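Notes follow the structure.
Please read these numbers as outputs of a predicted model, since none were measured by experiment. Chain naming here is simple, since letters A, B, ... match the order of the sequence lines and numbering starts at 1 in each.
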Protein chains: 2
Amino acid sequence: MSLNLTTANGLEPATNGLEPAINGKEAANLHDLSEPFVDNLAGQLFLNEAFKIIVEEVLCKGTDVKQKVFSQLNSMSIHSTGSYRELFSFLSGHPRFFNQLFAGVDYHALAGRFLTEALNTNLYTYEVAPVFVLMELEVLRGLRQLVGWTEGDGLFCPGGSISNMYAMNLARYQLFPEVKSQGLWGLPRLTIFTSIESHYSVKKGAAFLGIGTDNIILVKVDDGGRMIPEDLDEKIKLAKSQGAVPLLVSCTAGTTVQGAFDPLDHIADVCEKHKLWMHVDAAWGGSVLFSKQHRHLMKGVERANSVAWNPHKMLTAGLQCSALLLQDTTNLLKKCHSANATYLFQQDKFYDVNLDLGDKSIQCSRKVDCVKLWLMWKAVGSSGLAKRVDRAFVHARYLVEQMKKREGFHLLHEPEFVNVCFWFIPPSIRGKEGNKDYQDRLAKVAPVIKERMIKEGTMMVGYQPLGNKVNFFRMVVFSPLLSQKDMDFFLDEIERLGKDL
Amino acid sequence: MSLNLTTANGLEPATNGLEPAINGKEAANLHDLSEPFVDNLAGQLFLNEAFKIIVEEVLCKGTDVKQKVFSQLNSMSIHSTGSYRELFSFLSGHPRFFNQLFAGVDYHALAGRFLTEALNTNLYTYEVAPVFVLMELEVLRGLRQLVGWTEGDGLFCPGGSISNMYAMNLARYQLFPEVKSQGLWGLPRLTIFTSIESHYSVKKGAAFLGIGTDNIILVKVDDGGRMIPEDLDEKIKLAKSQGAVPLLVSCTAGTTVQGAFDPLDHIADVCEKHKLWMHVDAAWGGSVLFSKQHRHLMKGVERANSVAWNPHKMLTAGLQCSALLLQDTTNLLKKCHSANATYLFQQDKFYDVNLDLGDKSIQCSRKVDCVKLWLMWKAVGSSGLAKRVDRAFVHARYLVEQMKKREGFHLLHEPEFVNVCFWFIPPSIRGKEGNKDYQDRLAKVAPVIKERMIKEGTMMVGYQPLGNKVNFFRMVVFSPLLSQKDMDFFLDEIERLGKDL
């Protein structure tokens with residue numbers, strides 16, 4: 001396989017027999033309009049072949065622990081030629097892929113995604129997506145109910161970062177509706193508050209919306225990574241005293257690294273006191289709302305103005321599936337974002353034009369992201385999804401207990417969620433915390449172990465520094481494909497790859 | 001089928017046998033970690049069944065002109081129960097779906113989309129998407145080459161609206177890098193220029209970025225809907241005289257309604273003279289660059305700073321596939337958008353971290369949108385895609401000629417592209433242009449014909465007013481599934497549905 005476009009091979013095995021047929025068809029006289037330009041039958045045969053390969057290479061092999069998570073990285077130059085199998089050189093559905101906040105596979109969701117792709121429609125108007133418009137409304141209603149709202153609004157967005165931007169824009173518009181037409185120039189300087197361990201999208205959002213990253217005020221966190229409400233209160237007062245207008249607090253439910261949940265109820269008190277928009281970035285942690293046992297982590301979320309929640313993460317709905325949920329019932333989302341294009345949102349249509357959702361969005365074409373979640377939810381049920389969440393906590397607990405039994409694993413903090421953050425201390429530096437090069441040497445351990453695991457392809461896990469803490473691993477355990485032997489393997493493998501460091 | 005989440009049916013036929021197995025598995029003791037929580041084999045059987053249904057219902061029936069484009073709309077309440085076939089009640093791949101700027105199906109692209117969904121990875125770092133990072137770079141290089149650039153930068157974005165926003169943010173950052181940290185407050189008022197017939201996303205973008213819709217200056221167009229460069233020049237001078245700083249001109253290559261191409265070469269002269277960022281919104285029209293015969297419509301595009309081009313439109317790559325292309329070689333995209341999150345973009349990785357594309361983006365998780373285009377392009381070749389574009393022009397020409405032969409069809413303007421805009425004049429008002437209620441009666445024709453065609457499900461075409469022109473149809477012809485009989489049917493059907501009006 002060559003990635004170069006100038007060679008026209010395609011997926012060789014599948015196209016071998018089919019391509020001449022299709023190309024032959026397309027080579028027909030351009031001006032002979034008597035037949036369609038493509039041959040549906042040949043196309044469908046190709047798709048059947050491709051489907052078989054996908055099932056075999058991605059789903060059977062890709063979920064088999066005996067296969068590598070990663071292969072052939074070194075040969076991946078843009079001009080390489082080789083087998084189409086290189087397309088499958090990286091398998092994020094593999095049970096030993098622990099690198100990110102997405103993993104695993106849900107087959108109902110995947111069927112929903114194939115269906116979405118085949119139907120290829122667009123959520124901007126009811127007339128081109130009647131079922132999916134109703135489905136999106138229903139799924140959003142279901143998610144809002146878990147937040148604790150019987151009414152409200154919302155939208156599926158292309159990822160949590162953009163959901164967070166929507167929240168900022170809504171808060172700004174609610175306070176100063178003139179911003180939509182006049183821009184920021186006539187307004188006082190606005191400030192946004194978020195914890196020092198919040199997601200980087202808050203920064204990106206403030207820059208993109210013209211607010212500026214300097215106007216994000218970072219609030220301190222406790223040892224577990226949770227925002228300290230008293231510090232928030234003080235920083236809001238300070239900003240006011242400096243002439244700024246505090247706009248929004250972006251709380252985090254499940255921080256990226258430590259998996260910390262900000263104390264929403266206390267933060268809601270502060271927001272109420274100062275009349276600030278309360279946004280909860282629950283992209284990662286939101287799924288705990290399914291679990292009776294763990295939803296207390298988000299106590300107070302029902303007091304928020306907006307919530308961003310990505311079912312493509314813990315629920316394995318598949319990228320992208322990111323819901324923005326709003327408590328608002330005044331049609332703020334549409335007022336803030338509408339442009340009233342007469343060529344798309346005609347008001348003289350014969351159906352209820354409120355079902356044309358598109359003008360709530362900053363996008364025009366908007367991908368249908370609700371089907372996969374709807375289908376999975378219908379099939380597994382709320383209780384099934386709750387069990388998956390509970391099971392992930394059990395996995396994390398198991399992992400923590402095993403780490404405590406082994407030498408060389410040192411937890412950053414007792415985990416609150418399913419992020420297990422730890423240092424692996426290789427034998428050569430164990431007990432030498434007092435040495436002045438200890439931190440420097442420890443900082444180099446995780447990158448080397450990571451390089452070795454990628455080159456061998458046995459598993460994938462992330463590492464990072466955090467504040468004054470040098471590089472440590474962040475293990476996340478939530479894939480429904482995981483079992484105990486994967487976690488034992490993980491611990492053994494870290495020991496094996498790091499024992500000589 | 002019920003859209004309500006509280007009944008747990010799923011796709012009944014496919015889940016009938018499978019669901020108990022999956023649910024039985026999931027009901028296992030949460031604390032028994034010896035086995036995975038989901039059964040891969042049962043899941044794969046479900047997916048196989050779902051694939052068969054998708055091929056049968058969406059691809060075989062959905063591309064068959066004997067099937068309805070639209071069915072069962074009236075029964076689509078959110079609490080309806082019925083067959084899972086209601087999921088397929090709307091078929092945008094149908095040859096007689098002419099409603100939007102997307103249509104048809106390409107089977108190679110669809111295979112690429114299934115592959116993308118099954119692999120479910122994320123373009124933010126090379127380590128989780130090694131092949132696809134290289135593939136995105138290769139596809140962007142190929143698209144830039146068609147624009148006329150040997151170097152440059154770019155990114156796939158979730159739709160053309162967001163691509164257009166990127167261009168605005170880049171222009172702003174290039175002129176005033178301090179905007180990223182300080183926001184707009186310290187800056188002079190910025191203005192954006194675009195034609196009166198440009199896409200509504202320019203408005204949405206200006207509002208979202210804090211620039212404000214009042215700071216969009218609308219430039220006049222000629223009869224065909226093309227921006228008038230002399231008016232642009234005057235409006236830039238006027239804005240300057242009013243103390244504003246002109247920032248960017250958003251030209252359109254292929255307007256939404258008329259399919260007009262702004263005269264890029266002349267506009268480039270004006271942009272050069274005033275030192276403005278030149279952006280080309282070629283979301284719809286960009287694909288003419290494949291055609292030797294028609295690429296002259298975009299003469300001058302190589303002088304632009306940025307181009308937005310959606311292969312999901314004319315090339316039928318499937319939603320979403322939207323490229324932002326930049327001439328810049330100074331890493332502006334990354335400088336403007338980076339947040340340098342240490343937990344994702346670690347600098348001590350063992351590979352070239354410039355391959356971690358994520359910090360160029362305003363998103364964090366970013367869907368892989370390049371595979372479908374790459375696979376189609378490899379299989380069909382540049383010449384095959386060129387033929388599809390050329391063929392679409394032949395279709396449009398045929399349609400125009402036929403309209404001229406029939407009574408009652410009145411073209412808005414001789415089309416420059418594949419948008420054929422026309423009024424259908426029903427027999428009752430033919431020749432009565434002088435009557436004072438003529439325009440009012442004409443305005444009501446298109447909505448009624450549209451309502452009738454949807455209720456009968458025979459075809460779908462859009463209508464809209466434009467400026468002082470009352471409701472007219474916009475027919476777009478580019479699906480590779482189209483043939484002459486579909487166009488003849490279209491004209492007959494408009495006549496049939498409108499003859500009594």
To the nearest 0.5 Å, how far apart are CG in A:L190 and CH2 in B:W185?
-> 4.0 Å
Any idea which heavy atoms bring A:L33 and B:H395 closest together, and the distance?
-> CD2-CE1, 3.9 Å
Portion of B:L482 that has a non-hydrogen atom of chain A nearer than 4.5 angstrom | backbone
Select, from A:L59, A:V257, A:I54, A:I362, the one with the greatest count of heavy-atom pairs under 4.5 Å involving chain B.
-> A:I362
Hey, could you give me the CD/CG distance between B:Q320 and A:N120, rounded to the nearest 0.5 Å?
-> 11.0 Å
CZ of B:R113 to CG of A:L47, rounded to nearest 0.5 Å, is 10.0 Å
With distance as the sole test, does A:K450 use its side chain to make a donor-acceptor pair with the main-chain N or O of B:K349 at under 3.5 Å?
-> no
If you tally heavy-atom pairs under 4.5 Å between each of A:R366, A:M460, A:K367, A:K203 and chain B, the highest tally belongs to A:K367
Just wondering, do B:V448 and A:F350 contact through their side chains at under 4.5 Å, heavy atoms?
-> no
Measuring from A:S34:OG to B:K485:NZ, what's the distance to the nearest 0.5 Å?
-> 8.0 Å
Begin with the C-alpha distance, continue with both residues' side-chain angles, and end with the deciding distance and a verdict on side-chain contact (heavy atoms from CB on, under 4.5 Å) for B:N340 and A:Y200.
-> CA-CA 8 Å; B:N340 304 306; A:Y200 71 89; over 6 Å; no
Among A:R391, A:M487, A:K444, which residue forms the greatest number of heavy-atom pairs with chain B at distances under 4.5 Å?
-> A:R391
The interface call for B:Y463 against chain A, heavy-atom contacts under 4.5 Å, is both
Hey, can you tell me if B:F114 and A:F114 have their rings parallel, tilted or perpendicular (30° and 60° cut-offs)?
-> parallel
So, does A:S161 use its side chain to make a donor-acceptor pair with the main chain of B:C364 at under 3.5 Å?
-> yes
A:N169 versus chain B, the contacting section by heavy-atom distance below 4.5 Å = side chain
Would A:F46 and B:Y107 count as a close aromatic pair, with their ring centres under 6.0 Å?
-> no
Structural part of B:M165 lying under 4.5 Å from a heavy atom of chain A | both
Short question: side chain of A:R172, backbone of B:F208 - any donor-acceptor pair under 3.5 Å?
-> yes
Segment of A:I162 engaging chain B (4.5 angstrom heavy-atom cut-off) | side chain
Given a strict heavy-atom distance threshold of 4.5 Å, which part of B:N471 is in contact with chain A: side chain, backbone, both, or neither?
-> side chain
Name the option with the most non-hydrogen atom pairs under 4.5 Å to chain B; the candidates are A:E127, A:E178, A:R474, A:Q484.
-> A:E127
Side chain / backbone / both / neither for B:K313 at chain A, heavy atoms under 4.5 Å | side chain
B:S479 versus chain A, the contacting section by heavy-atom distance below 4.5 Å = neither
Side chain, backbone, both or neither: which part of B:C60 has a heavy atom under 4.5 Å from chain A?
-> both
Region of B:L344 in contact with chain A, defined by heavy-atom distances below 4.5 Å = side chain
Counting heavy-atom pairs under 4.5 Å to chain A, which of B:G160, B:P158, B:A207 comes out on top?
-> B:P158
Rounding to 0.5 Å, atoms CG (B:D348) and CD (A:Q464) come to a distance of 10.5 Å
Which atoms of B:H312 come close to chain A, meaning under 4.5 Å heavy atom to heavy atom: side chain ones, backbone ones, both, or neither?
-> side chain
Side chain, backbone, both or neither: which part of A:Q346 has a heavy atom under 4.5 Å from chain B?
-> side chain
Non-hydrogen atoms of chain A under 4.5 Å away: do they reach the side chain of B:Q182, the backbone, both or neither?
-> both
Any side-chain donor near an acceptor of the partner, B:Q100 and A:N122, under 3.5 Å | no
Non-hydrogen atoms of chain B under 4.5 Å away: do they reach the side chain of A:S322, the backbone, both or neither?
-> neither
Considering only heavy atoms, which portion of B:N99 lies under 4.5 Å from any heavy atom of chain A: side chain, backbone, both, or neither?
-> side chain
Chain A heavy atoms under 4.5 Å from B:T256: which part of the residue, side chain, backbone, both or neither?
-> side chain
Sort out for me which of A:L187, A:T116, A:V55, A:V179 touches chain B most, counting heavy-atom pairs under 4.5 Å.
-> A:L187
Measuring heavy-atom distances to chain A, does B:V128 have an atom under 4.5 Å in its side chain, in its backbone, in both, or in neither?
-> both
Interatomic distance, B:H337 atom NE2 to A:K204 atom NZ [nearest 0.5 angstrom] | 8.0 Å
Report the option among A:G159, A:A341, A:A118 that has the most heavy-atom pairs separated by less than 4.5 Å from atoms of chain B.
-> A:A118
